[in-house]
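No hydrogens, no waters, no symmetry mates; every other heavy atom, side chains included, goes into these values. Convention: sequence-line order gives letters A, B, ...; per-chain numbering from 1.
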2 protein chains.
Amino acid sequence: MSISSRFTVGVHVLALIELNKEGISSSEFLAGSVNTNPTLIRKIMGMLKKAGLIEVHPGIAGAKLAKEPSYITLLDVYKAVDVVKEKELFSVHENPHPNCPVGRNIQDSITPVLSAAQLALEKVLGNVTIEDILKDIVDKEKFRIVNE
Amino acid sequence: MSISSRFTVGVHVLALIELNKEGISSSEFLAGSVNTNPTLIRKIMGMLKKAGLIEVHPGIAGAKLAKEPSYITLLDVYKAVDVVKEKELFSVHENPHPNCPVGRNIQDSITPVLSAAQLALEKVLGNVTIEDILKDIVDKEKFRIVNE
DNA sequence: TATGTTGTAACCAAATTAAATACATGTTTA
DNA sequence: TAAACATGTATTTAATTTGGTTACAACATA
């Protein structure tokens, strides 16, 4: 099991829209960088738009960030593309037997731990912004140029 | 997407084996409490055995914990049942385009964040033991009795 | 030897994912 | 106005994973 790549593709798309802010970031352009098809990008763009992270209009080529990149966290993207439902990162077996002490209490006992674990993960994502990712990419590019 | 219930079923199984330590915890008995079929339980038992968490022998009914319940963390179970491969909780789109500054750097830029998020989640699981879960279950049972 | 248990392998149906196709809707421009 | 191009959706497909099921070999015990 793995969390859908919609999340990391979403981050890729947002970073590229910002880096290409002077140009036109159409779904085809973005798909080329991600190396997938424009339809998938448009599906993800739709989710990012619904979450208020980008601005994009039917018929008009190109997307722009709807907020400053320093105000968009990876957690925003993660929630926008809906890769994990609220409190459902872990799945729990349904209908344990009520005649057993463990069966009738395990879900209530384990759920708080699972929620805490999921929150810990989300907190890390909430502390990193698109700007952070872009800065890192720019740094890596500089290093590349120095070593050419 | 959701992490397989093998994990929470594994915790259920270990807790019940310990609670029923004076009795015989066969795969059929355990399956009854979890409310699934014995084959699935045996598959999970095989993983728990391989990870050194339980002792169980072919032909002999019943499983026992191989360690004290205070020395078995939920992270041990999580790793034992192999619900998430090492560093692969998040999936990343393959082969982004190398001609794009974002495409050729995004994986290296985002991977450390994803690893940190996964580690944060695992750390929470590592701080809770089977004994903690059992204590909580016993507490809930006491509360139940008081309110009968 | 008969019974019951663990340990596997094989198979199935359901759900999810990424990719692909098709097309309606909207915008621009030639 | 018509042609070209973009977004926004719906539908289909193949691959993968999951949980469930059946079948059966290997082992232990009464």
Nearest to side-chain heavy atoms of [X], which nucleotide of [options]:
{"X": "Ser91(B)", "options": "dT5(C), dA18(C), dG19(D)", "result": "dA18(C)"}
{"X": "Glu28(B)", "options": "dT7(D), dA10(C), dT5(C)", "result": "dT5(C)"}
{"X": "Ser5(B)", "options": "dG19(D), dG7(C), dT7(D)", "result": "dG19(D)"}

(message) Assuming nearest nucleotide by heavy-atom distance, tell me which of Pro58(A) and Leu40(B) is located more 5' along DNA chain D.
(response)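 Closest to the 5' end, via its nearest nucleotide, is Pro58(A).
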
(request) Quick one: list whatever passes side chain to side chain contact (heavy atoms under 4.5 Å, CB included) with Ser5(B), sequence neighbours left out. (result)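 Ser5(B) satisfies side chain to side chain contact (heavy atoms under 4.5 Å, CB included) with Ser91(A), His93(A), Thr8(B), Val9(B) once adjacent residues are dropped.
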
(message) Tell me if the side-chain of Thr39(A) makes a donor-acceptor pair with the base of dT21(C), cut-off 3.5 Å, by modelled atom types.
(response) yes

(message) Taking the basic N atoms (NZ, or NE/NH1/NH2) and the acidic carboxylate oxygens, is any pair closer than 4.0 Å for Glu18(A) and Lys64(A)?
(response)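 No salt bridge links Glu18(A) with Lys64(A).
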
(message) Whether Lys135(B) and Asp139(B) form a salt bridge (side-chain N of Lys/Arg under 4.0 Å from carboxylate O of Asp/Glu) is what I want to check.
(response) no

(request) Would you mind classifying the nucleic acid contact of Lys50(A) as base, sugar-phosphate or nothing, using non-hydrogen atoms under 4.0 angstrom? (result) nothing

(request) For Ser27(A), report the nucleic acid contact type (base, sugar-phosphate, nothing); a contact means any heavy atom under 4.0 Å. (result) sugar-phosphate

(request) Classify the ring geometry between Phe7(A) and Phe90(B) as parallel (under 30°), tilted (30 to 60°) or perpendicular (over 60°). (result) tilted

(message) Please report the distance, rounded to the nearest Å, between CG in Asn37(B) and P in dA10(C).
(response)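 Roughly 18 Å, once rounded to whole Å.
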
